[in-house]
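Heads up, the thing below is written out as structure tokens.
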Amino acid sequence: MKTELMLFWIAVSLYGLSTFSYIFGLITLKDKLFTIGLFSALAGFLPHVAVIALRWSATGISPFISISESLTLGVLMIVLFFLVFQFSTKKLQPLGVLVMPVAFVLMGWAATLIKEVAATLAPALQSGWIWAHIVGATAGFASVLIAAGLGLLYLLKEKKSGGVYDKLPSLSDIDNLSYRFIAAGFILYGLMIVTGCFWANQVKGTYWNWDPVEVWSLVSWLIYGIYLHLRVTFGWRGGKLAWYAICAMFAMIISYWGIPFSVETFHSGFRIEH
Amino acid sequence: MKNIITVLSSARLAMALLVIILACCLSGVTLWRGAEAGRMVFATLWFNGLLVLLVINVACCFFGRIWGRTVTVISFGMILFHLSFVTMFLGVVYNSLFYFRGSLRLTEGETLVSGDPQSYDTCEQGKFFSFARLKGETTLIKMHVGYKVAGDDKRVAYEVAVGEHNNKKQGLIYVTHKLSHQGFDYFNDKEGYSLLLVLADHQGKELYGAHVPLQSIPVGTTGRYRYVTGHRERDTVVADFGPFPAPPEKPLFALQTAFEPSPLGERSGTVTFMAHPLDGAGNPEETSTLTRGKIAIGQPFSLGNSVVIPREMRYWVGMVVRYEPGKAIVLGSLWIGLAGMIITTIGRIVRKTNQDAAQLAGL
């Protein structure tokens with residue numbers, strides 16, 4: 001636990017450094033700070049992976065059972081998507097301005113809740129469906145968070161010019177990229193809901209119970225469904241959808257981490273009555 | 001008629017319905033909790049009417065627009081996605097007409113007639129479901145505690161036999177594993193202790209015996225439970241006295257028993273008991289106590305002119321029996337919808353790539 005905690009806090013610290021580099025980079029418009037932000041995120045990602053690997057190898061229990069583990073895995077997916085996207089495009093340097101603060105806050109929250117690895121896995125969680133369910137949820141959240149980050153860049157570029165803003169792709173390209181990440185998030189959230197239905201059906205014999213977590217997932221999915229219809233059917237583009245993507249992300253955070261661990265739901269318990 | 005079809009085919013109506021359903025879902029999970037949310041929103045006729053209207057709107061709006069057009073990869077994906085809503089709806093309607101859901105409670109060794117509605121604690125069924133579909137009997141052979149599958153602790157498993165003598169199926173039920181027989185699925189739900197109480201005279205002649213299911217009451221936040229005779233009031237269990245012998249026999253006393261498991265043996269432990277006489281109306285006279293004490297399982301205690309023996313401890317289990325012929329359609333539709341989303345996205349990526357390539361070639 002000692003090594004694990006140390007690695008955890010190193011990851012949190014590096015994500016913190018990345019966060020402040022991005023924020024000050026945006027304030028001072030210095031490219032170097034964005035580079036520091038990006039490489040701090042990369043440096044933080046390594047101990048982050050090590051923490052999850054250590055916990056997983058200690059008992060063999062899937063690393064997303066407690067709220068702390070769920071947050072940690074979710075942030076890992078966020079940073080992974082962010083790094084892959086950043087190193088593959090290299091044109092959207094300030095993207096971390098929204099992504100890394102969210103990753104840092106969620107990781108810091110996880111650090112305050114960290115506990116010893118569970119000794120046993122609740123029988124309801126011993127299902128193959130849970131893997132696809134969790135991958136869909138975490139990757140979906142990472143996608144829509146990046147879409148929201150792109151929305152923020154769109155709004156900044158729309159209002160400001162010079163320096164780093166001039167190096168960003170055109171407004172329509174940013175808008176299009178944001179849309180693609182939303183579409184990916186919509187599919188991944190769809191995967192989460194479908195596999196969640198199959199999982200619930202395997203455990204309880206019902207695929208849908210109007211449980212608060214299920215409803216919030218549906219709400220999140222509908223929010224992005226409305227986004228896609230506004231764009232495809234009604235022709236919305238640009239600033240309005242950028243604001244929409246940013247606001248929708250907060251609904252996501254509530255849906256993903258606010259509800260399952262604060263309200264009595266199918267997800268919070270998995271208790272077996274005697 | 002034309003006006004109605006125009007309204008139903010409107011994309012604005014689709015958007016309005018999505019927003020209204022979204023708002024209803026949000027209020028359903030923020031203003032109310034649990035069953036209350038169902039009563040106020042999710043199980044209401046008006047909310048389900050909105051869902052039905054959305055499906056009709058999706059069918060009219062989307063298929064009205066796409067009808068007669070050339071099918072591309074993108075539109076094919078969108079057809080699948082929107083079609084999945086319609087098939088899902090048809091699956092739900094079909095299921096609602098023929099479904100059966102019942103809650104069955106059995107003590108180890110007990111057999112109940114599957115097709116008798118009286119066998120179920122609660123049951124509900126669709127308009128066209130016939131109990132004749134439920135053939136034969138259901139028997140709980142044994143409950144296994146600490147059951148493991150490939151090293152995974154399943155905690156408990158119910159060994160159950162269902163069906164008729166010439167078409168019987170026996171198997172184990174545990175979380176993530178159901179027993180299926182002739183279209184009916186059997187799921188585990190809850191379990192508890194069941195105490196065999198025998199009433200005898202002082203000469204040892206047995207007069208009556210019955211299994212008394214005990215309820216579990218959490219002891220604070222210790223993670224431990226108290227197992228006691230009682231009943232459930234909404235979501236909580238209340239300890240109380242039960243008539244003994246139980247009706248239809250003539251009750252002689254009001255008896256409360258509590259079981260404390262022994263760490264030394266799975267079904268061993270001590271029983272705490274207390275009995276009151278009954279008044280003329282059959283209610284316990286709580287001001288007068290006939291007997292109280294604590295004994296080990298198998299030991300007798302005197303009660304008036306008789307002797308009561310808590311002879312053995314068995315387990316009772318609560319199982320959920322389901323027959324849902326429309327579920328396969330609904331679950332299949334989910335995959336179709338997901339496939340539709342993926343195909344549309346691939347189609348859009350390919351189109352954009354081709355457009356970019358064409359632009360580059362033009363330059």
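Within every chain, numbering begins at 1; the chains are lettered A, B, ... in the order of the sequence lines, protein sequences first and strands thereafter. Side chains included, hydrogens not; waters and symmetry mates left out as well; all remaining heavy atoms used.
- If you measure heavy-atom distances from B:Val19 to chain A, the contacts under 4.5 Å come from both the backbone and the side chain.
- If you measure heavy-atom distances from B:Arg12 to chain A, the contacts under 4.5 Å come from both the backbone and the side chain.
- Using a 4.5 Å heavy-atom threshold, the side chains of A:Tyr179 and B:Arg348 count as touching.
- Here the shortest heavy-atom pairing between B:Leu334 and A:Cys197 reads CD1-CB, 3.8 Å.
- Looking at B:Leu18, both its backbone and its side chain come within 4.5 Å of chain A, counting heavy atoms on both sides.
- Residues of residues 320-328 of chain B lying under 4.5 angstrom from chain A, judged on non-hydrogen atoms, are B:Arg322, B:Glu324, B:Lys327 by number.
- Between B:Phe187 and A:Val203, the shortest heavy-atom distance links the atoms CD2-O, 4.2 Å.
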Name every donor-acceptor pair, under 3.5 Å, that has one atom in a side chain of residues 145-155 of chain A and the other anywhere in the protein, sequence neighbours excluded.
none

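- When heavy atoms are compared at a cutoff of 4.5 Å, A:Phe186 approaches chain B by way of both its backbone and its side chain.
- With a 4.5 angstrom heavy-atom cutoff, A:Leu228 does not touch chain B via any of its atoms.
- Among the candidates A:Asn201, A:Leu218, A:Leu191, the residue making the largest number of heavy-atom pairs closer than 4.5 Å to chain B is A:Asn201.
- Take B:Ile336 and apply the side chain to side chain contact (heavy atoms under 4.5 Å, CB included) test, not counting sequence neighbours, and it matches B:Leu80, B:Ser84.
- With a 4.5 Å cut-off on non-hydrogen atoms, B:Lys154 touches chain A through its backbone and its side chain both.
- Across B:Ala11 and A:Thr233, no two heavy atoms sit closer than the pair CB-CG2, 3.9 Å.
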Extract all donor-acceptor atom pairs below 3.5 Å that involve side chains of residues 237-252 of chain A and protein atoms in other chains or at least two apart in sequence.
from, atom 1, to, atom 2, distance (Å)
A:Arg237, NH1, A:Arg231, O, 3.1
A:Tyr244, OH, A:Ile223, O, 2.6

Checklist line | Worked verdict on B:Phe42 versus A:Trp208 for ring pair (Phe, Tyr, Trp, His ring centres under 6.0 Å) | finding: CA-CA 11 Å; B:Phe42 302 123; A:Trp208 194 261; 9.0 Å; no

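- Highest contact tally toward chain A, considering only B:Asp153, B:Asp185, B:Ile349, is held by B:Asp153 [criterion: heavy-atom pairs under 4.5 Å].
- Of the two parts of B:Tyr186, neither the backbone nor the side chain holds a non-hydrogen atom closer than 4.5 Å to a non-hydrogen atom of chain A.
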